[in-house]
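In the text below, chain A, chain B and the rest are named by the order of the sequence lines, each starting its count at 1.
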Amino acid sequence: MTQNAVEFIEVAKRRGGFKLGPLSLVIPRGVIFGLVGPNGAGKTTALDLLAGLGRPDAGCIKVGGLDVTTHEVAVKLRMAYAGPETSYASWRRVGRAIDFVSGFYKDWDDARCDTLLTAFGLNRDKAIASLSFGEKNKLSLLMALSRDPDLLVLDEPTTGLDPTARRFLFADLLHRMRGENRTIIIATHQLSELERFADRVALLDRGNIRLCGDLASLVDRFVQIDIAWPETAAAPAQPGITILERSGGRARLLVDGDTAGADWRTRLRTEIIGESALTLEELYLALVGPSAMTRVPETLS
Amino acid sequence: MVLDDLTLQLGPVSPATPGPLYGQIVAAVKREVSAGRLEPGTLLPSYRLLAEGLMVSVITVKRAYEELEREGIIHRRQGLGTFVATHGGDRSRDAARAAAAAALAEAARAGVQAGLTDAELQTLLATELKTLRSTVA
């Protein structure tokens, strides 16, 4: 049995003008894995391919060592997917949709489903067409969370959820993690929430992985520093250091400890006025935020 | 050890509290061990169970346990679990003393930088201590 829950091997996919990959990504078993990135970065495309909605143009995706294309049924039985696009409207009522979907899966838990109905304030008799945006998302989540799959894939699970429902969702996810072989993948823009609950994250940007690793080491790896930097002074030569902002004789820099080397402080030869760690959200903004996009790629090298 | 009790004892872990989440768990375990509310030999919950109890990622608890193990406050026994170390209490108290000494050194440095005399600094410390002791008592 492979130790990896999911493997993307050189996966490429074109959708209109968008190109995903070639993407290689390994997600080990037993982790909550966060997939983050700007809108249009390819998160949903990657997760759709994983869930068997469409096939890659090149490369392959494996779940528990099985190719998702050639072992479609076996993979679908051990995986649950909930996304914003999933629609159950054709069954008209919540209860009918549940009765239909539950019949497919041996790992469906009726008691769990009832708990979720209560927690999410859903009613079996309710017409699906009359559900609010948040309630439709709750129904989609309920379909996935009523099961006990090896792999749970959630695309934007907190969309439209109130704080109580979000708490319930994450308590449920952490409870699942009691099983050492359970793996959860979450694509989301809620970075502070992800920072609390995820073990590993990957940052997807314009169809490619920009950064991937366990959250603790990613957060330790980067630091932002403020230095005095006279307008006239030339840029100090230094790899792994990017300018975040520069104004009025002062600059804020992002230091990537992996690239900058252990002795970057001594080599900088400038007094460091301020130094602070970054949250996942700050790191995201520094790497792909609006200032990163308009910023001249002024790497100090 | 009932997990809910321990969750209440070691929590809450909150971004509203200064310091990283794993550091909050480290501090809480040290506080409980040093005060004797977690006795040497107590079996601690697995990473996954405590993560669920405190509503944090498994990696956060793992990191906290690793730090506590490095400091000799808890120890892991292969296949048996993680326990409060025999001298965990002393080590926690030593660590608390070292932290207090460091904070005082920092305060002294700030005082000198602000141009306070030795006598003024000593008066400040004495006043602070007096206020503190009177509220505690």
Side-chain angles (χ1 to χ4, degrees), chain A residues 5 27-34 36 152 158 163-186 188 190-202 212-223 276-283, chain B residues 1-29 43-71 74 76 78-82 102 106 109-110 113:
Chain A
I27 300 174
R29 279 179 203 273
V31 301
I32 295 185
F33 190 94
V36 306
L152 182 59
T158 54
T164 312
R166 286 214 305 270
R167 248 301 130 129
F168 182 87
L169 169 69
F170 283 105
D172 177 289
L173 298 185
L174 286 170
H175 181 72
R176 283 163 195 271
M177 295 307 288
R178 277 188 184 194
E180 300 201 355
N181 285 323
R182 297 282 180 276
T183 308
I184 300 170
I185 303 175
I186 305 172
T188 183
Q190 302 297 321
L191 300 188
S192 55
E193 219 160 45
L194 197 66
E195 186 162 18
R196 179 169 186 127
F197 299 111
D199 301 299
R200 290 179 75 82
V201 288
C212 181
D214 79 70
L215 249 167
S217 41
L218 276 185
V219 169
D220 285 348
R221 183 176 142 188
F222 291 89
V223 64
S276 65
L278 291 90
T279 63
L280 181 61
E281 181 150 315
E282 287 163 341
L283 182 59
Chain B
M1 168 78 39
V2 183
L3 183 65
D4 285 349
D5 294 354
L6 194 69
T7 301
L8 202 57
Q9 207 173 345
L10 299 183
V13 175
S14 165
T17 305
L21 301 184
Y22 83 91
Q24 293 179 30
I25 303 173
V26 169
V29 171
L43 174 65
L44 294 172
S46 70
Y47 301 149
R48 283 164 195 278
L49 275 180
L50 190 58
E52 186 186 342
L54 295 176
M55 287 286 285
V56 295
S57 64
V58 176
I59 201 172
T60 301
V61 177
K62 187 163 180 264
R63 206 174 183 196
Y65 275 21
E66 280 167 0
E67 171 89 28
L68 287 162
E69 201 178 7
R70 227 183 347 263
E71 294 187 36
I74 63 175
R76 208 170 342 180
Q78 201 64 45
L80 290 175
T82 305
E106 183 57 39
R109 203 165 19 247
Q113 265 171 16

Between [atom1] on residue [X] and [atom2] on residue [Y], distance to nearest 0.5 Å:
X: B:Leu49; Y: A:His175; atom1: CG; atom2: NE2; value: 9.5 Å
X: B:Ser57; Y: A:Leu194; atom1: OG; atom2: CG; value: 9.5 Å
X: B:Thr60; Y: A:Arg196; atom1: OG1; atom2: CZ; value: 8.5 Å

For residues [X] and [Y], report the shortest heavy-atom separation together with the two atoms involved.
X: B:Val58; Y: A:Asp199; result: N-OD1, 3.2 Å
X: B:Met55; Y: A:Phe197; result: O-CE2, 3.2 Å
X: B:Arg48; Y: A:Met177; result: NH1-O, 2.7 Å
X: A:Ala198; Y: B:Ile59; result: O-CG2, 4.1 Å

Legend entry - Interchain contact, A:Arg167 with chain B, by part (heavy-atom threshold 4.5 Å): both

Inset, instruction - Using non-hydrogen atoms and a 4.5 Å limit, figure out which bit of A:Ala171 sits close to chain B: side chain, backbone, both or neither. - result: both

Legend entry - By ring pair (Phe, Tyr, Trp, His ring centres under 6.0 Å) - contacts of A:Phe33 (at least two apart): none

Legend entry - A:Phe168: ring pair (Phe, Tyr, Trp, His ring centres under 6.0 Å) partners, not counting sequence neighbours: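 So A:Phe168 forms a ring pair (Phe, Tyr, Trp, His ring centres under 6.0 Å) with A:Phe120.
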
Legend entry - Ionic contact status for B:Lys62 with A:Asp214, cut-off 4.0 Å: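 Salt bridge absent between A:Asp214 and B:Lys62.
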
Inset, instruction - Report yes if the side chains of B:Leu21 and A:Glu195 come closer than 4.5 Å at any heavy-atom pair, otherwise no. - result: no

